[in-house]
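First the structure, in the form of structure tokens, and then the observations on it.
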Amino acid sequence: MGIKKTLRRLSSKPETRTMLELYVGIIIVAIIFLVIGLIFARPMWMYFVGVLGGALGAAFQLYNMYDTIDRALSVDEGKARSYMTAKSMMRLILSAVIMVVAYMVGLPAFIGAILGLFSLKVAALINPIIKKVLPDFQ
């Protein structure tokens, strides 16, 4: 499937449009963290690997949150609560694994991984700006 077709499909519904905006935000924030960090971090490849791993983890967490909420809305309250808790713990464990692996690589990778994971939070904060700037692909 082509990029334009994928962007059109993601822009068609409000909830997937928001996901697209958050993915774009993660990419923008990760690039900003990379540019700033590559000036100061030594060795650069460790920092790059850390930010890349953290940003990929943030993108996975975004998809997992969307999928978890979508599935939890289709079951009864008791099952939904336990399902949401289990998925939340899985995302927390994933973040911990990413940080432990990055720490084993080196301190610049660890700092980069933390910033990469944090890119989802910053992307959510700058989402109103991205919403205005991102074109409508319909």
Side-chain angles (χ1 to χ4, degrees):
M1 187 180 300
I3 291 175
K4 204 162 194 170
K5 191 181 241 184
T6 302
L7 292 173
R8 194 173 298 120
R9 184 176 54 82
L10 286 173
S11 287
S12 63
K13 294 189 288 185
E15 61 270 10
T16 54
R17 171 69 185 193
T18 302
M19 245 177 69
L20 173 66
E21 292 164 355
L22 286 170
Y23 280 129
V24 170
I26 289 171
I27 292 168
I28 291 170
V29 171
I31 289 171
I32 291 170
F33 285 156
L34 276 173
V35 170
I36 292 170
L38 290 178
I39 295 170
F40 302 107
R42 298 291 180 256
M44 286 189 275
W45 71 269
M46 278 188 195
Y47 181 77
F48 177 79
V49 167
V51 171
L52 184 64
L56 288 174
F60 172 77
Q61 287 180 347
L62 173 61
Y63 175 77
N64 186 266
M65 281 187 270
Y66 170 75
D67 186 53
T68 300
I69 292 169
D70 191 42
R71 289 182 190 210
L73 289 173
S74 63
V75 296
D76 65 86
E77 185 181 348
K79 288 181 182 177
R81 183 173 296 156
S82 62
Y83 180 72
M84 294 283 286
T85 302
K87 289 295 188 169
S88 178
M89 291 304 295
M90 187 197 71
R91 287 191 300 272
L92 187 63
I93 291 169
L94 173 71
S95 296
V97 166
I98 289 172
M99 287 188 284
V100 166
V101 169
Y103 185 75
M104 293 170 88
V105 171
L107 186 61
F110 179 70
I111 293 169
I114 289 173
L115 291 174
L117 287 168
F118 195 66
S119 66
L120 177 58
K121 274 94 172 120
V122 178
L125 290 173
I126 65 169
N127 192 32
I129 298 168
I130 293 172
K131 190 179 292 283
K132 291 178 185 173
V133 175
L134 193 67
D136 194 14
F137 294 98
Q138 296 186 16

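Along the sequence shown, the residues carry numbers beginning at 1. Fair warning: this is a prediction, and the values are worked out from it, not measured in the lab.
Looking at residues two or more places apart in sequence or on another chain, you find no ring pair (Phe, Tyr, Trp, His ring centres under 6.0 Å) involving F60. Scored by the side-chain contact (heavy atoms from CB on, under 4.5 Å) test, L107 finds F110, I111 as partners (sequence neighbours excluded). Qualifying side-chain contact (heavy atoms from CB on, under 4.5 Å) partners for I27, counting only residues two or more places apart in sequence or in other chains: I31.
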When the side chains of residues 43-50 are checked against the rest of the protein, which donor-acceptor pairs come out under 3.5 Å, sequence neighbours left out?
| from | atom 1 | to | atom 2 | distance (Å) |
| --- | --- | --- | --- | --- |
| Y47 | OH | F33 | O | 2.7 |

Can you give me every donor-acceptor pair (side chain of residues 112-133, partner residue at least two apart or in another chain, under 3.5 Å) with its distance?
| from | atom 1 | to | atom 2 | distance (Å) |
| --- | --- | --- | --- | --- |
| S119 | OG | G116 | O | 2.5 |
| K131 | NZ | E21 | OE1 | 3.2 |

Which pairs of donor and acceptor atoms, one on a side chain in residues 72-80, lie under 3.5 Å apart (sequence neighbours left out)?
| from | atom 1 | to | atom 2 | distance (Å) |
| --- | --- | --- | --- | --- |
| S74 | OG | R71 | O | 2.7 |
| D76 | OD1 | G78 | N | 3.3 |
| D76 | OD1 | K79 | N | 3.4 |
| E77 | OE2 | R81 | NH2 | 2.9 |

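Under the 4.5 Å side-chain contact rule for hydrophobic residues, M90 and L92 do not share a cluster. Cluster membership check: V105 does not share its hydrophobic cluster with Y103, using side-chain heavy-atom separations under 4.5 Å among Ile, Leu, Val, Met, Phe, Trp and Tyr.
To the nearest 0.5 Å, the span separating CE on M65 from CG on L22 amounts to 8.5 Å. Taking CD of Q61 as the reference point, atom NZ of K87 lies at 12.5 Å (rounded to 0.5 Å).
A pairwise comparison of heavy atoms in T68 and R91 identifies OG1-NH1, 3.8 Å as the closest pair.
Within 6.0 Å of the OH atom in Y83, the count of heavy atoms belonging to other residues, nucleotides or ligands exceeds 12.
The side-chain contact (heavy atoms from CB on, under 4.5 Å) with I32 is formed by just one residue from the set I28, V35, L34; it is I28.
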